[in-house]
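The model shown is predicted, which means the values in this text are computed figures rather than measured ones. Residues: numbered from 1 along the sequence shown.
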Amino acid sequence: MWRFTGDVAPARALVEAALEAGITLFDTADIYGADTPAGFGSAEALFGQVLAEAPALREAMVIATKGGIRPGIPYRSDAAYLAEAVDASLGRMGIERIDLYQIHRRDFLTHPQEVAASLTRMVEQGKVRGIGVSNHSPAEVDALQAFLGLPILSTQPEFSPLHPDPLFDGVLDQAMGRGMAVLAWSPLGGGG
């Protein structure tokens, strides 16, 4: 849903077509849409409009979103920021719980223990069902997991014929070893 923009009717048609084709995971992020006139959060907001218009669709899908990137701000995952980010995502999408909440990129200024505590709180509060990471190296996953009592369910690397690095840098090996789902981003190398 990186490029999910436009009006509600065609957006709903895309969501319904995906569901009809057997696609049930809808992966978005709060940053998606920041490069469009609608701005930061607009992909989540459009998705929320689709769900408001057709609430029964929610039962057929797994909703994933990400937080931790904001235009003009380096990657940020401190407790205050993540608490605000998850609430904002829930509000934009008009849902009560996110099935998979992912830290979009590693914040080098926030200790993994603080990130882990924030993610744990989200799950305990019922705002998030499970957690994952995006654009994290195996060492970064290990550092976060060391402070988590919950499993990291997914990793989201850039992975395509034009970017095969996860085959060699340990990302896919770690995912197999831990039973983490791999949600490749840009699997067509930026095409289609």
Side-chain angles (χ1 to χ4, degrees), residues 1-54 57-58 60-77 81-82 84-86 88-95 98-107 128-137 140-141 152-166 171-172 175 180-192:
M1 301 184 83
W2 184 358
R3 296 173 182 99
F4 195 62
T5 62
D7 296 322
V8 177
R12 179 176 171 182
L14 286 172
V15 169
E16 289 174 342
L19 287 168
E20 287 173 20
I23 297 169
T24 57
L25 174 68
F26 290 81
D27 172 51
T28 189
D30 57 7
I31 188 79
Y32 292 175
D35 58 346
T36 70
F40 182 87
S42 61
E44 285 181 333
L46 178 58
F47 190 45
Q49 291 174 315
V50 169
L51 294 174
E53 192 175 274
L57 295 176
R58 173 65 177 108
M61 59 180 61
V62 173
I63 296 176
T65 196
K66 295 174 283 296
I69 302 177
R70 229 177 150 85
I73 299 174
Y75 308 136
R76 190 166 168 199
S77 297
Y81 182 84
L82 287 180
E84 174 193 319
V86 76
S89 289
L90 287 164
R92 280 189 292 270
M93 291 187 284
I95 59 176
I98 295 163
D99 298 312
L100 179 66
Y101 191 78
Q102 301 167 99
I103 299 298
H104 208 153
R105 292 202 185 252
R106 166 81 190 278
D107 171 359
V128 169
R129 187 172 308 220
I131 54 174
V133 296
S134 179
N135 301 297
H136 279 57
S137 71
E140 292 165 343
V141 170
I152 297 174
L153 300 176
S154 65
T155 186
Q156 190 169 36
E158 180 178 8
F159 182 44
S160 72
L162 299 177
H163 191 88
D165 298 11
V171 169
L172 296 182
M180 296 164 56
V182 177
L183 308 176
W185 68 266
S186 201
L188 300 177

side-chain contact (heavy atoms from CB on, under 4.5 Å) for L46 and D7? Distances and angles first, verdict last.
CA-CA 8 Å; L46 178 58; D7 296 322; over 6 Å; no
Quick one: closest heavy-atom pair of S42 and A38, and the distance?
CB-CB, 3.4 Å
Are R3 and D35 close enough for a salt bridge, meaning some N to O gap below 4.0 Å?
no
Could you give the distance from CG (D165) to CD (E158), rounded to the nearest 0.5 Å?
8.0 Å
Given the ring of F40, does R70 sit roughly above its face, with NZ or CZ under 6.0 Å from the centre of the six-membered ring and within 45° of the axis?
yes
Looking only at heavy atoms, which two atoms of S160 and S186 are closest? And how far apart?
CB-O, 3.3 Å
Worked check of side-chain contact (heavy atoms from CB on, under 4.5 Å) between L19 and M61
CA-CA 8 Å; L19 287 168; M61 59 180 61; 4.0 Å; yes
For F4 and A11, the nearest pair of non-hydrogen atoms, with its separation, is CZ-CB, 3.5 Å
Nearest heavy-atom contact between D30 and G67 is OD2-CA, 3.7 Å
Would you say K66's side chain and S134's backbone share a donor-acceptor pair under 3.5 angstrom?
no
Under 6.0 Å between the ring centres of F47 and F26?
yes
Drop me the distance from I69's CD1 to H104's NE2, to the nearest 0.5 angstrom.
4.0 Å
Search all heavy atoms of H136 against all heavy atoms of V171 and return the closest pair with its distance.
O-CG2, 4.1 Å
In sequence, state the C-alpha distance, the side-chain angles, and the governing distance for E44 and S89, and then conclude on side chain to side chain donor-acceptor pair (under 3.5 Å).
CA-CA 7 Å; E44 285 181 333; S89 289; 2.8 Å; yes
Spacing of CE belonging to M180 relative to CG belonging to L153, to within rounding of 0.5 Å
8.5 Å
Any side-chain to backbone donor/acceptor pair from N135 onto P157? Under 3.5 Å, distance only.
no
For side-chain contact (heavy atoms from CB on, under 4.5 Å), just list the numbers for Q102 and V133, CA-CA rounded to whole Å, side-chain angles, deciding distance to a tenth of an Å, and then say yes or no.
CA-CA 5 Å; Q102 301 167 99; V133 296; 5.8 Å; no
Closest non-hydrogen contact found for T28 with A43 is OG1-CB, 3.9 Å
Would you mind reporting whether L100 and I131 have side-chain heavy atoms less than 4.5 Å apart?
no
So M93 and I63, side-chain contact (heavy atoms from CB on, under 4.5 Å) or not? Walk me through it.
CA-CA 10 Å; M93 291 187 284; I63 296 176; 3.9 Å; yes
Give, for atom CG of L82 and atom OH of Y101, the distance between the pair rounded to the nearest 0.5 Å.
5.5 Å
I'd like to know if the side chain of D27 pairs up with that of Q156 as donor and acceptor (distance under 3.5 Å, no hydrogens or angles considered).
yes
Distance (rounded to the nearest 0.5 Å) between E140 CD and D107 CG:
10.5 Å
